[in-house]
Student: 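Input: one structure, supplied below.
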Amino acid sequence: MAGKRAKPDWATLGGLAVAGACILGGLLLEGGQVADVAQLTAGLIVIGGTIGAVMITTPLPMLWAAMRKLPTIFRAPRASSEEEIEQIIDLAKRARKGGIVSLESDAEALEDPFLRKALSLAVDGNDVRDIRSIMELEIEMSGQRGEEEARVFEAAGGYAPTIGILGAVLGLIQVMKHLEDMDKVGHGIAVAFVATVYGVGSANLFFLPVASKLKLRLDQAQEMKELMLEGVIKIAEGMNPRLIRMHLEAYLRDRRAAEAERKAAGGARARAAVSS
């Protein structure tokens, strides 16, 4: 929607806050101190090692693309499917009055690049089959890019715990140099295992949740693009705005039902695998 600013995603922000507060709160309740886990060397080993491992396995352009997507998990989507339907219906009404060519200026003013491109193709008089073919290819390509960006964070979530173990081993090596002083040994072991905490914590509280969030946002974006494409096709075909609304709402319900069935089937397979 033009001019509409994205709102903070309170689920992401709240989740990070709750997780951090509960973990640190548990540490304090057990008699620990924040300083016990505030180890610069452990953080350097885990974060630096994880970034290095990801850089080895990921092309640099894809790595930069994934990093640019990171801020989006802290912002809620600008428009819902229902709001997008209203925008398409408004365009359909204008096309009904003045013809689809009258939407040329409206198409140029659209904020969403996908909708702008699809509507521009329709305004230029392209066949609806060509419009569908071009835009479906764009949906497919954007989906592939989104999956690759999410896999960058999944890879980081896989490497971080192992790098944490590596950091703990490096810390234990230093401890073994001072076995004559048991006070230093006890303290050194405690410090050494902080790297494991950083590795497991960063993987399960940040990298893997970020990957899941990016996949969720990708599904939402794909749904929105498919909805836009269906709307533009119906406008190009000259369908009545009321019928377009009915079609888009039915399309949205069918797609979400199919997605729910797919996820339920995937969950059933996962439970069957675990039980076996």
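This structure is a prediction, so every number in the text was calculated from the model and none was measured.
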Student: May I ask you to check whether over 12 heavy atoms, not counting those of E104, lie within 6.0 Å of atom CD?
Tutor: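 12 or below, so no.
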Student: Are there over 12 heavy-atom neighbours, none belonging to E30, within less than 6.0 Å of that residue's CD?
Tutor: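 No.
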Student: Can you tell me how far CG of L214 sits from OG1 of T72, rounded to the nearest 0.5 angstrom?
Tutor: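 Here the interatomic distance stands at 5.5 Å.
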Student: Taking it one step at a time, do E83 and Q87 satisfy side chain to side chain contact (heavy atoms under 4.5 Å, CB included)?
Tutor: CA-CA 6 Å; E83 290 173 325; Q87 184 178 32; over 6 Å; no
Student: With a cut-off of 3.5 Å and sequence neighbours excluded, list every side-chain donor-acceptor pair involving residues 48-55.
Tutor:
from: T50; atom 1: OG1; to: V46; atom 2: O; distance (Å): 2.6

Student: How about CZ on F207, more than 12 heavy atoms from neighbouring residues, nucleotides or ligands closer than 6.0 Å, or not?
Tutor: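 Counting other residues, nucleotides and ligands, CZ of F207 exceeds 12 neighbours.
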Student: Would you kindly say whether Q39 and Y198 are connected by a side-chain donor-acceptor distance under 3.5 Å?
Tutor: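 Q39 vs Y198: no donor-acceptor pair found between side chains.
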Student: Just do the side chain to side chain contact (heavy atoms under 4.5 Å, CB included) check on N126 and I134 with the steps written out, would you?
Tutor: CA-CA 11 Å; N126 291 283; I134 293 170; 6.0 Å; no
Student: Can M62 and E149 be said to form a side chain to side chain contact (heavy atoms under 4.5 Å, CB included), step by step?
Tutor: CA-CA 7 Å; M62 182 54 60; E149 291 161 358; 3.8 Å; yes
Student: Under the salt bridge (charged side-chain N to carboxylate O under 4.0 Å, His left out) rule, what do K117 and E138 come out as? Steps first, then yes or no, please.
Tutor: CA-CA 10 Å; K117 181 177 181 179; E138 183 162 327; 2.8 Å; yes
Student: What distance separates M67 CE from K69 NZ, expressed to the nearest 0.5 Å?
Tutor: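 Spacing of CE (M67) from NZ (K69) equals 13.5 Å.
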Student: Quick one: do the E148 and T58 side chains pair a donor with an acceptor below 3.5 Å?
Tutor: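 Looking only at side-chain atoms, T58 and E148 do not form any donor-acceptor pair under 3.5 Å.
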Student: Check step by step if side chain to side chain contact (heavy atoms under 4.5 Å, CB included) holds for E249 and R253.
Tutor: CA-CA 6 Å; E249 290 175 348; R253 286 195 301 270; 3.9 Å; yes
Student: Could you walk me through whether S142 and Q222 satisfy the side-chain hydrogen bond (donor to acceptor under 3.5 Å, both in side chains) test, starting with their C-alpha distance in whole Å, then the side-chain angles of each, then the deciding distance to 0.1 Å, before giving a yes or no?
Tutor: CA-CA 8 Å; S142 66; Q222 297 295 84; 3.2 Å; yes
Student: Do V232 and V101 sit in the same hydrophobic cluster, where Ile, Leu, Val, Met, Phe, Trp and Tyr count as joined when their side-chain heavy atoms come under 4.5 Å apart?
Tutor: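 Yes, because V232 and V101 connect within a single hydrophobic cluster, where side-chain heavy atoms sit under 4.5 Å apart.
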